[in-house]
Structures are given as structure tokens and as C-alpha cells.
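Structure record follows, encoded as C-alpha cells.
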Amino acid sequence: MVQKRVEKKDSEAIFSLGNKYYHGGGPGLQKDIQKAVVLWKEAAELGSLEALCNLGVAYYHGKGVGKDKAKGTVFYKKAAMQGHVESRHNLGCIEAEHGNHNRAVRHILISAKVGHKASLDTIKRAFMGGHATKEQYAEALKGYQDAVEEMKSHDRDEAKRRFAKIF
């Protein structure tokens, strides 16, 4: 089924197949990180933000490709500019690594305010370390809470309740 979607140039199917190669999963698929990177590039060209983020990870950390932090950062920026929250968070972490705490906090604030828990935790640590203001932390916390509240739904809560009973 996935292969049929891949043949039709479905970006998410190509991304998913790349993940299977990356982790070595699925019937007849052995781990092949280089193949995963090729598939992620194709998926990214077709519009997959998740693929852009994964390419950022691969290049930034040198997983399956030569380590190239600059190239990894470019992939994160492309995804973040299109609304990919994890990429925005990663950019904030990169800025913090470089000592650019103001820029780091701005990136992390954006991702925290759309409900990214790791970003909320990161800005809390930045506040505790003196790199973010009390107001910035409060803004992140309020934005995070508002985002979480917006995502709540009766159907989602019911599905969680039923899932918990099964397991």
C-alpha cells in the first residue's frame, strides 16, 4: 500500500518509507540510512516538513551523511519558516549552543506558544539560568496552556479513556 502511494509521489508516504529505512523496519526492509536520506530529500521537495526536519537532524548530527551543521540548520530553517514546531525548537537550541540567548528564547517562545512541551521546559530552564525573563517564561506558559486547551476535544478525551482501558 505504501509503495503504491510512493509511486504516486505522495510526500508523506515517501517520508514514511524513509523512516522505515532509517530504523530498519518492515517486511524486507533492512536499515539503510543513506536510502532514508534520499527518500527524505524527495519527500521534502514534495512538501513534507517532517522530512525537512529529519534532514536537519541527519546533517546537523552526521547521521547517514557527512556532519554538516550549517546544512542541517538550513533544513531546520526551511521547515520552521513553514510552521514546523520541532524545527523551530531545534533552531532555538542551536542558537543557545552558540550563546545567542535572545535569539534562542525567541525561537523557543514561538514553539512553546503552539503547545510544544519540550520548548516550555527549555524556556523554563532558560529562565532559571538567567537567559530568559520572568515575562518571557510567563508568556510561554500562557501560550502553551492556551494551545493545549485549544487542542482538547471530547472525542480525543474519549479515545484516550478507551485506549487506557485496553492497555
Side-chain angles (χ1 to χ4, degrees), residues 1-126 129 131 140 144 147-148 151 156 159-160 163-164 166-167:
M1 211 163 66
V2 171
Q3 193 58 42
K4 284 182 183 180
R5 290 179 53 206
V6 167
E7 290 168 6
K8 292 184 179 188
K9 299 295 183 193
D10 179 323
S11 65
E12 294 310 310
I14 295 167
F15 166 73
S16 178
L17 184 59
N19 286 347
K20 298 270 186 209
Y21 275 107
Y22 185 84
H23 296 290
L29 291 180
Q30 292 187 7
K31 188 172 185 168
D32 185 342
I33 297 174
Q34 291 175 334
K35 175 77 172 168
V37 169
V38 168
L39 289 165
W40 289 337
K41 284 180 180 178
E42 182 179 354
E45 288 172 8
L46 294 168
S48 172
L49 299 182
E50 292 291 331
L52 279 172
C53 183
N54 280 15
L55 287 166
V57 171
Y59 280 98
Y60 196 83
H61 298 286
K63 296 186 177 195
V65 293
K67 189 172 190 174
D68 186 340
K69 288 186 173 192
K71 193 170 189 176
T73 302
V74 167
F75 283 117
Y76 287 144
K77 284 180 181 176
K78 285 181 182 180
M81 294 303 290
Q82 296 178 65
H84 192 266
V85 177
E86 184 73 24
S87 293
R88 177 70 67 179
H89 173 83
N90 292 347
L91 287 173
C93 293
I94 290 168
E95 291 293 353
E97 280 177 22
H98 291 102
N100 301 326
H101 298 291
N102 288 335
R103 289 177 62 100
V105 168
R106 285 191 303 232
H107 283 299
I108 299 299
L109 256 173
I110 292 168
S111 53
K113 287 166 63 174
V114 293
H116 191 258
K117 178 74 167 98
S119 292
L120 180 63
D121 295 341
T122 300
I123 204 156
K124 179 180 179 182
R125 286 192 304 276
H131 299 295
Y144 175 81
V148 168
M151 289 186 277
R156 185 175 287 135
K160 279 184 185 178
F163 187 75
I166 294 171
F167 297 97

Ion pair present between Asp121 and Lys117, side-chain N to carboxylate O less than 4.0 angstrom? yes
Non-hydrogen atoms of Lys113 and Ala140 that approach each other most closely: CG-CA, 4.3 Å
To the nearest 0.5 Å, what is the distance between CG (Leu29) and CG (Asn19)? 11.5 Å
In this structure, NZ of Lys63 is separated from CG of Asn54 (nearest 0.5 Å) by 10.5 Å
Roughly how far, to the nearest 0.5 Å, is the NZ atom of Lys77 from the CD1 atom of Ile94? 8.5 Å
Just how far is it from atom CD of Glu7 to atom CD1 of Ile14, taken to the nearest 0.5 Å? 10.5 Å
Apply the test side-chain contact (heavy atoms from CB on, under 4.5 Å) to residues His61 and Lys69: give CA-CA distance (whole Å), side-chain angles for both, the deciding distance (0.1 Å), then the verdict. CA-CA 7 Å; His61 298 286; Lys69 288 186 173 192; over 6 Å; no
Between Asp10 (side chain only) and Ala13 (backbone N and O only), is there a donor and an acceptor less than 3.5 Å apart? yes
Tell me, do Gln82 and His84 make a side-chain contact under 4.5 Å, heavy atoms counted? no
Are the side chain of Glu42 and the backbone N or O of Val38 linked by a donor-acceptor pair below 3.5 Å? no
Determine the minimum heavy-atom distance between Ala43 and Ser11, stating which atoms define it. CB-O, 3.4 Å
CZ of Arg103 to NE2 of His98: how many Å apart, nearest 0.5 Å? 11.0 Å
Cys93 and Ile108 have their tightest heavy-atom pair at N-CD1, 4.3 Å
Taking the side chain as everything from C-beta on, heavy atoms only, tell me whether Lys31 gets closer than 4.5 Å to Ile33. yes
Work out which heavy atom in His89 is nearest to a heavy atom in Ser119; give both atom names and the distance. ND1-OG, 2.8 Å
Is there a side-chain contact between Leu39 and Tyr22 (heavy atoms, below 4.5 Å)? no
Applying side-chain contact (heavy atoms from CB on, under 4.5 Å) between Trp40 and each of Leu55, Leu52, Val57, report the one that passes. Leu55
Kindly assign one of parallel, tilted or perpendicular to the pair His101 and His131, based on the angle between their ring planes and the thresholds 30° and 60°. parallel
Minimal non-hydrogen separation, Ala58 against Val65, with atom names: O-CG2, 3.5 Å
Any chance you could measure Lys67, atom NZ, to Tyr60, atom OH, to the nearest 0.5 Å? 8.0 Å
So, for Ser87 and Tyr76, which heavy atoms are closest and what is the spacing to 0.1 Å? CB-O, 3.4 Å
Contact between Lys78 and Val74 at the side-chain level, heavy atoms closer than 4.5 Å - yes or no? yes
Is it the case that the side chain of Ser16 and the backbone of Glu12 share a donor-acceptor pair, with hydrogens and angles ignored and the cut-off at 3.5 Å? no
